[in-house]
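One structure is given here, and the rest of the page talks about it.
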Amino acid sequence: MNIGIVCYPTYGGSGVVATELGKGLAEKGHKVHFITYTQPVRLNIFNENICYHEVYVPNYPLFLYPPYELALASEIVNVVKHEKLDILHVHYAIPHASSAFMAKQILKTEGIKIPVVTTLHGTDITLVGKDASFAPVVTFSINQSDKVTAVSNSLKEDTYKIFPIQKSIEVIPNFINLERFKRQSKEHFRRAICPKGEKLLVHTSNFRKVKRIQDILFIFQQLQKHIPVKLLIIGDGPERVNLEELCRELGCQEDVRFLGKLDAIEEVLSIADAFMMPSEKESFGLAALEAMACEVPVISSNAGGLPELNIHGVTGFVSEIGDIEDMVKNTLTLLKDENLPTFKKNALARAKDFEISKILPMYERVYQECLEQIQLKPETEKIDILTI
Ligand code: GMT
C-alpha cells in the first residue's frame, strides 16, 4: 500500500507511535509518506520505502496566527495526487483530522477518493480536544473519518462520553520494538549513578503538568527515609524549572539528576529498578511500556489506560491519582530484594503482549477495510455536511 502518515514530529507519544508505525510498515514493503512540519525525531533511518514531505507555512504580516491547518491540507492534496496515495492515516485529532477532511473534499472535486484513518492518542480528546474552542471541529472530523482508532479502551470510552460520536472506534494499543527496547548490560553506568548499591527510579516525559512529576519528588523524599535510592529524570518541558526548585526545597537535589532529552532511553532504562508514572491523564502510557520492555516494573496512577497496561501487583502497582502515601508504600514493596526479580520478569512478559509484530497487522487490516469500503461507495456520493 501507498500510505500517507500525518503526525506531530516531536518527542511526544503520538509522534513516536506514528513514526515507528511508518518505519514498521516500510520494513514490510509498504511505501510510507510522512507529512509534517519538520523531520520527525524518530525518523532517523534511511529506508527506500520512506519519504518525508515538509509542510511549509508562508509568513505574511496579516497572519497573527499562521494557518498551519490550511498549509497541511494543501500539502496532503499535493502528496495524495502526485504520490498516488491509497490511504491517509492521521495521528492526533487536532488539527490533523480536520485538515484531512478538507483535503479529502478537495480531492473529491477532482474525482480522487482517499480514505482517512484517524488515531486518537489522548489529550486530543481528554484535555485540549474537549475545550469549547475545538470541540465542534473535533467531533465533526472524527465523525467524518472513514475509520477511527483509539490507543486504549479507556480513551475509547472517554471519546464517547465527551463527544457525540456516531462512528465505531476500534482499540489498537501502543506497541513496542523489543529489538530496540531490551535490557542491556550497563553495569559501569549503574555503578557511576548508584555507587553504594542504591535502588534506582526513572521517569521520562515531556514535563507537562498532567504528568504530575512533583508527586515523584514527594514520593522520592519519603522513600529516602527508608532506603538508599536515586532518581533519574529524562526529558524536558514547561515544568522543568519548577521541578528543579522543588528538588532544592525538598533537599534531594544531590540524589536527583535531570538528564534532558535523550535518544537512547533504553540505555538508562537498562539500569533502572522502577519506572514512575503518577500522571493525571494518560491514555496508554507508552513510556511505561518502553520501561517494561527493559524489565522495569511500573509504579503508576490509575489514570486513563494505565491500569490496562500496568497490572496491579504483577507488573508493578497502580494507585489513585495523587495518592502519594500509597505509591510510597507500593514502591517499598516493589523494591524489596525478594520481590523485585519477579516484578521485572512480569514487566517484560507483559511488554511482549504489545510487540510491534502483533499490533502492526491490526493497522494493516484497518487500512484494507477502508479501501474495500471506499470502493463500494457510489461515485456520486455527496458530502455529508448537511446531515450533521
Ligand atoms: O504523553 C504526552 O504528553 C504525549 C502524548 C502525545 O499526544 O503525543 O501522548 C499520548 O499518546 C501516547 C501514544 O498514543 C500515549 O502513550 C500517551 O499515554 C498519551 N498521553 C496522554 O494521554 C497524556
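For ligands, and for the atoms within them, numbers begin at 1 and follow the listed sequence. The figures that follow rest on heavy atoms only: side chains count, while hydrogens, waters and symmetry mates do not. Owing to the predicted nature of the structure, the values given are computational and were not obtained by experimental measurement.
No hydrogens or angles considered: a donor-acceptor pair under 3.5 Å links the side chains of S145 and T118. Side chains of S300 and N310: a donor-acceptor N/O pair is present below 3.5 angstrom, by distance only. In this model, a donor atom of one side chain and an acceptor atom of the other lie less than 3.5 Å apart for H91 and H121. Using a 3.5 Å distance cut-off with no hydrogens or angles, the side chains of H96 and E69 do not pair a donor with an acceptor. Judged by distance alone, the side chains of N339 and T333 never bring a donor and an acceptor atom under 3.5 Å apart. Using modelled atom types, one finds a donor on one side chain and an acceptor on the other under 3.5 Å when comparing Q224 with D255.
Within the listing of ligand 1, atoms 2 (C), 3 (O), 4 (C) sit less than 4.0 angstrom from a heavy atom of N206. The atoms of ligand 1 that sit less than 4.0 Å from any heavy atom of G13 are 4 (C), 5 (C), 6 (C), 8 (O), 9 (O), 12 (C), 13 (C). Residue contact check: V17 has heavy atoms under 4.0 Å from atoms 13 (C) of ligand 1. Listed by number with element, the atoms of ligand 1 under 4.0 angstrom from any heavy atom of T123 are 23 (C). Close contacts between ligand 1 and K211 involve ligand atoms 1 (O), 2 (C), 3 (O) [criterion: under 4.0 Å to a heavy atom]. Contact atoms of ligand 1 toward V151: 14 (O) (distance under 4.0 Å to a heavy atom of the residue). Under a 4.0 Å criterion applied to the non-hydrogen atoms of R208, ligand 1 contributes the atoms 3 (O), 4 (C).
Other residues, nucleotides and ligands place no more than 12 heavy atoms under 6.0 Å from the CD atom of E179.
Using a 4.0 Å heavy-atom cutoff, G285 is listed among the residues neighbouring ligand 1.
Inter-residue side-chain proximity for K211 and N206 is flagged as met; some heavy-atom pair is nearer than 4.5 Å. The shortest side-chain heavy-atom distance between I233 and I213 falls under the 4.5 Å cut-off.
Relative to atom 19 (C) of ligand 1, the option among A18, G122, S283 with the closest non-hydrogen atom is S283.
For ligand 1, the polar-atom distance check against K281 finds no nitrogen or oxygen pair separated by under 3.5 Å. Annotation: V210 places no N or O atom under 3.5 Å from an N or O atom of ligand 1; distance criterion only. Any N or O atom pair closer than 3.5 Å counts here, and F284 shares at least one such pair with ligand 1.
Closest to atom 14 (O) of ligand 1, if we only count protein heavy atoms, is H121 ND1, 2.7 Å. From the protein, the heavy atom lying nearest to atom 16 (O) of ligand 1 is N174 OD1, 2.7 Å. Regarding atom 20 (N) of ligand 1, its nearest protein heavy-atom neighbour is E282 OE2, 3.2 Å. When only non-hydrogen protein atoms are considered, atom 6 (C) of ligand 1 lies nearest to S14 N, 3.5 Å.
Relative ring orientation between Y8 and Y37 is described as perpendicular, the plane-to-plane angle rising above 60° on a 0-90° scale split at 30° and 60°.
Between the S205 side chain and the F207 main chain, a donor and an acceptor come within less than 3.5 Å of each other.
Contacts between Y92 and ligand 1 below 4.0 angstrom, taking non-hydrogen atoms only, involve the side chain exclusively. Contact annotation for L286 and ligand 1: heavy atoms of both the backbone and the side chain come within less than 4.0 Å of the ligand.
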